[in-house]
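One structure is given below, encoded as structure tokens.
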Amino acid sequence: MTRIEKIDELDDEFNIDIDVFVDTTTKTPAIMVLDVSESQSWYGGIENLNSAKNVFLEALKNDDYAKSSVELSVITFNHNFEKILPFTPISEVNKIDNFKASGGTDIGQAVVEAVNDIKQREQYYKANNIRSKKPILILLTDCEIDNPSEINEAVNITNSLISRNKMTMISIGTGKEVNNEQLKRFNPTSPVLYSPEPEDLIELFEWVSTTLIGYSQVGNNESFKSEPLENRRIEFV
């Protein structure tokens, strides 16, 4: 349950009873960066992504603590990026409209924008004395890029944040033709979650939601271990 402190203040001079509610829940900012380029339309990829994000959102909304502590943002990208959802408490997210696949793949600018949004949210927390946990960036893509150098800036930024323990990152490879070598560059400290079968995205997103729920509930100095994935088609590479 949300930890709400009710502070009753009585102003004797004006004889007014004032109830002030302070939300002391520690926030967990999570941002999803999702590939909606043309290749995601192959083999039913975009349809399964749409189903998976609904399962993910429903799981978070059904958890009493997560729906008050997790703040979700969503960015999609093809040759451009689009901010689908700014950082919003899960309890206030009604739905996320279905995605459509088209265009090329520019991962770098989307990841850089996501990191900028994370920094802005952390500044908001600090300015308003809101406690927060280390942010989580969830990247889903086939990472099919023409030139590896085009993601260098984004890779350097994520590597720096992760090495300084300023951000957690989950990388998911989706589709039958995933460049896991390039995708792993974003977070060399953790394996890429990968399955060649698009229908496995639903189970992958269930796992991500369970992981996010568990992570949101532990203290800042406490360790958290994710539940194992039972689907043998899903690999850690």
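For the numbers below, each heavy atom of this structure counts, side chains included, while hydrogens, waters and symmetry mates do not. All figures in this text were calculated on a predicted structure; none of them were measured in a lab.
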Do [X] and [Y] have side-chain atoms, one donor and one acceptor, less than 3.5 Å apart?
| X | Y | value |
| --- | --- | --- |
| Asn152 | Arg185 | yes |
| Asn98 | Lys53 | yes |
| Ser39 | Asp142 | yes |
| Tyr124 | Glu71 | no |
| Glu38 | Ser41 | yes |

Donor-acceptor contact below 3.5 Å, side chain [X] vs main chain [Y]:
| X | Y | answer |
| --- | --- | --- |
| Thr88 | Pro86 | yes |
| Thr158 | Phe186 | yes |
| Asn147 | Ser149 | yes |
| Asn179 | Glu144 | no |
| Gln40 | Lys100 | no |
| Ser160 | Asn156 | no |
| Lys61 | Phe56 | no |

query = Out of Val93, Leu34, Ile138, which residue meets the side chain to side chain contact (heavy atoms under 4.5 Å, CB included) rule with Val74?
reply =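 Per the side chain to side chain contact (heavy atoms under 4.5 Å, CB included) rule, the option paired with Val74 is Leu34, out of Val93, Leu34, Ile138.
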ask   = Can you get from Val70 to Val55 by hopping between Ile, Leu, Val, Met, Phe, Trp and Tyr side chains that sit under 4.5 Å apart?
value =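 No.
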Can you name the nearest heavy-atom pair linking [X] to [Y], along with the distance?
| X | Y | answer |
| --- | --- | --- |
| Ala59 | Ile213 | O-CD1, 3.7 Å |
| Asn159 | Asn187 | ND2-N, 4.2 Å |
| Asp146 | Pro148 | O-CD, 4.0 Å |
| Asn48 | Pro198 | CB-O, 3.3 Å |
| Lys95 | Asp97 | CE-OD1, 3.2 Å |
| Ile202 | Ser51 | CD1-CB, 3.9 Å |

Pairwise side-chain contact, Leu140 with Leu201, heavy-atom cut-off 4.5 Å (strictly under) =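 Leu140 vs Leu201: side chains touch.
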task = Kindly indicate whether the side chain of Thr141, heavy atoms from C-beta on, has any atom under 4.5 Å from the side chain of Leu183.
result =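 Result yes, sub-4.5 Å side-chain heavy-atom pair found.
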Lys126 atom NZ, over 12 foreign heavy atoms within 6.0 Å =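 Result for NZ/Lys126: open.
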key: Enclosure of Lys176 NZ (heavy-atom neighbours >12, cutoff 6.0 Å)   =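 Result for NZ/Lys176: enclosed.
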request  = Scan Thr76, Thr105, Asn78 and name whichever one has a side-chain hydrogen bond (donor to acceptor under 3.5 Å, both in side chains) with Ser37.
outcome  =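 Running side-chain hydrogen bond (donor to acceptor under 3.5 Å, both in side chains) over Thr76, Thr105, Asn78 with Ser37 returns exactly one hit, Thr105.
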inquiry  = Does the Lys NZ or Arg CZ of Lys133 fall within the cation-pi geometry relative to Tyr215 - under 6.0 Å from the ring centre and within 45° of the axis?
reply    =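 The answer is yes, since Lys133 meets both limits relative to Tyr215.
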Nearest-0.5 Å distance, CD1 of residue Ile151 to CD1 of residue Ile145 =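 So the CD1 of Ile151 and the CD1 of Ile145 are separated by 4.0 Å.
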